[in-house]
Amino acid sequence: MKKMIITSLLVLNSSAFAGNLNATEQKEVQSIIRLFQKNDVDNIAKNIRYPLIRENPIPDIQNTTEMKTRYTQVFDQTLRQTIAKSKLSQWSNVGWRGVMLDNGTVWLDGEKIRAINYSSPAEQQFKKQLIAQQKTMLYPTLKKFAQPELQFKTAKFQVRIDELSNGQYRYAAWNIGKPQSTKPNLVLNNGSMTFDGSGGNHYFNFKSGSYNYVVYRNIIGESATPDVTLSVKKNNKEILNQSGQIFK
């Protein structure tokens with residue numbers, strides 16, 4: 001597997017945390033393990049904190065009905081067996097981040113699964129199909145990219161960020177209401193991505209002459225924190241700051 005979504009998924013070195021579960025956490029983990037030992041689809045679906053974020057551009061899973069429909073795509077035999085055969089010593093408390101399996105394959109919030117850092121072959125095939133569909137609907141000069149990273153809308157703009165084959169990032173923006181099949185108002189290349197701490201927050205940085213465009217992806221924050229913040233500076237003076245909402 002190449003990589004899993006950054007959104008809300010944390011991968012840490014678990015050696016410092018292994019075996020530190022308290023009695024309540026041990027019961028919660030054992031409850032999850034038993035569900036997978038029985039392959040209890042209905043109750044597994046009930047024990048997930050929605051939306052369950054999936055790798056872009058795969059749609060997030062919003063509720064139990066969607067989870068049961070996509071269950072085998074998300075929880076293939078490999079992942080089901082990984083959870084069902086796991087031992088308590090493989091689960092670790094990582095403070096406010098929650099409880100994780102191994103190095104972050106699965107994350108729990110109490111008895112509920114809140115994140116899965118695994119993508120099955122079936123899900124990766126689904127991803128390839130979605131990317132191919134996206135490319136058919138893009139403006140011709142934007143069709144070449146390695147992976148879609150982020151799409152969001154602000155009050156005025158629609159923006160997509162793609163990873164290119166050279167490992168750099170491209171920023172394309174349209175006015176709200178314009179389809180991505182039309183020529184974008186702005187295209188910036190040679191962008192970079194930087195992680196901000198261990199909580200999953202990260203940002204993309206694009207420079208164009210005296211202008212600097214920064215897109216902050218807010219994973220961890222208060223309930224009112226927007227999905228994305230777009231900041232534009234000219235000669236180091238901020239001239240635009242808008243909140244954005246992710247879409248797929």
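Quick note: residue numbers are just sequence positions, from 1.
- Put simply, the side chain of E149 reaches to within 4.5 Å of the side chain of F204, judged on heavy atoms.
- Taking both residues in full, the closest heavy atoms of A45 and T64 are given as O-CG2, 3.3 Å, listed atom of the first, atom of the second, then distance.
- In this structure, Y118 and V106 have side chains that are not in contact, with every pair of non-hydrogen atoms separated by 4.5 Å or more.
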Could you give me the CA-CA distance, side-chain angles and deciding distance for T229 and N218, then say whether side chain to side chain donor-acceptor pair (under 3.5 Å) is met?
CA-CA 8 Å; T229 304; N218 305 311; 3.3 Å; yes

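- Ion pair R170/D162 flagged as a salt bridge, since at least one NZ, NE, NH1 or NH2 atom sits closer than 4.0 Å to an Asp/Glu carboxylate oxygen.
- In this structure, CG in N201 is found 12.5 Å from OG1 in T194, a value given to the nearest 0.5 Å.
- M137 is not listed as a side-chain neighbour of P179, based on a closest heavy-atom distance of 4.5 Å or more.
- Within the model, atoms NZ of K127 and CD of Q124 stand 5.0 Å from one another, a figure rounded to the nearest 0.5 Å.
- The closest donor-acceptor contact from the side chain of T154 to the backbone of Q242 lies at 3.5 Å or more, if one exists at all.
- Across every non-hydrogen atom of P184 and Y139, the tightest pair is CD-CD2, 3.9 Å.
- For D102 (side chain) and G104 (main-chain N/O), no donor-acceptor pair under 3.5 Å exists by modelled atom type.
- Counting only heavy atoms from C-beta outward, the side chains of S243 and V228 never approach each other to under 4.5 Å.
- Between Q158 and I176, the shortest heavy-atom contact is N-CD1, 4.1 Å.
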Using the side-chain contact (heavy atoms from CB on, under 4.5 Å) rule, take I116 and T105 through it: C-alpha gap first, then chi angles, then the decisive distance, then the call.
CA-CA 6 Å; I116 300 171; T105 304; 5.7 Å; no

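- Inter-residue side-chain proximity for N63 and P51 is flagged as unmet; no heavy-atom pair is nearer than 4.5 Å.
- Partner of D60 under the salt bridge (Lys or Arg N to Asp or Glu O under 4.0 Å) criterion, chosen from K248, R49, R54: K248.
- Residues R70 and I61 meet the side-chain proximity criterion, which asks for heavy atoms closer than 4.5 Å.
- The aromatic ring centres of Y169 and F206 sit 6.0 Å or more apart.
- A donor-acceptor contact shorter than 3.5 Å links the side chain of Q26 to the backbone of L21.
- One distance of note links CG of N235 with CD1 of I239; it measures 9.5 Å at 0.5 Å rounding.
- In terms of heavy-atom proximity, I33 sits nearest to A84 at CG2-O, 3.5 Å.
- More than 12 heavy atoms of other residues, nucleotides or ligands lie within 6.0 Å of CG in N22, so this atom counts as buried by the packing criterion.
- Taken to the nearest 0.5 Å, the CD atom of E123 stands 4.0 Å off from the CD1 atom of I58.
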Could you give me the CA-CA distance, side-chain angles and deciding distance for N189 and L164, then say whether side-chain contact (heavy atoms from CB on, under 4.5 Å) is met?
CA-CA 9 Å; N189 291 295; L164 304 181; 4.1 Å; yes

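- The local environment of NZ in K156 is sparse, with at most 12 non-hydrogen atoms from other residues, nucleotides or ligands closer than 6.0 Å.
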Could you walk me through whether W107 and D109 satisfy the side-chain contact (heavy atoms from CB on, under 4.5 Å) test, starting with their C-alpha distance in whole Å, then the side-chain angles of each, then the deciding distance to 0.1 Å, before giving a yes or no?
CA-CA 7 Å; W107 284 85; D109 181 5; over 6 Å; no

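- Using a 4.5 Å cut-off on side-chain heavy atoms (C-beta onward), S31 and E28 make no contact.
- Taking CG from N205 and CG from N212, the interatomic distance works out to 4.5 Å, rounded to the nearest 0.5 Å.
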Give the intermediate values and the outcome of side-chain contact (heavy atoms from CB on, under 4.5 Å) for residues V29 and L108.
CA-CA 8 Å; V29 168; L108 301 183; 3.9 Å; yes

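- Annotation: the span from E111 atom CD to K27 atom NZ amounts to 10.5 Å, rounded to 0.5 Å.
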Tell me, with the steps shown, if S86 and Q90 meet side chain to side chain donor-acceptor pair (under 3.5 Å).
CA-CA 6 Å; S86 65; Q90 293 175 251; 5.1 Å; no

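- For the pair K237 and K234, the minimum side-chain heavy-atom distance is 4.5 Å or more.
- When every heavy atom of D76 is checked against every heavy atom of P121, the shortest pair comes out as OD2-CD, 3.6 Å.
- The shortest non-hydrogen separation linking W174 to K178 is CB-CB, 4.2 Å.
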Test log, rule side chain to side chain donor-acceptor pair (under 3.5 Å), inputs Q180 and Q151:
CA-CA 11 Å; Q180 294 186 4; Q151 294 189 84; 2.7 Å; yes

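- T136 contributes a side-chain N or O that, together with a main-chain N or O of Q133, makes up a donor-acceptor pair within less than 3.5 Å.
- Of the possible donor and acceptor atoms, none in the side chain of N175 sits under 3.5 Å from a partner among the backbone N and O of F157.
- When atom types are taken as modelled, the side chain of K207 and the backbone of N190 share no donor-acceptor pair closer than 3.5 angstrom.
- Listed by first then second residue, pairs satisfying ring pair (Phe, Tyr, Trp, His ring centres under 6.0 Å) with a partner in residues 26-75 read F36-F75, Y71-F75, not counting sequence neighbours.
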Check step by step if side chain to side chain donor-acceptor pair (under 3.5 Å) holds for Q245 and D227.
CA-CA 5 Å; Q245 182 177 13; D227 295 337; 5.2 Å; no

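- The side-chain tip of K153 points at the ring of F247 from less than 6.0 angstrom away and within 45° of straight on.
- With hydrogens and angles disregarded, a donor-acceptor distance shorter than 3.5 Å links the side chain of E66 to the backbone of Q62.
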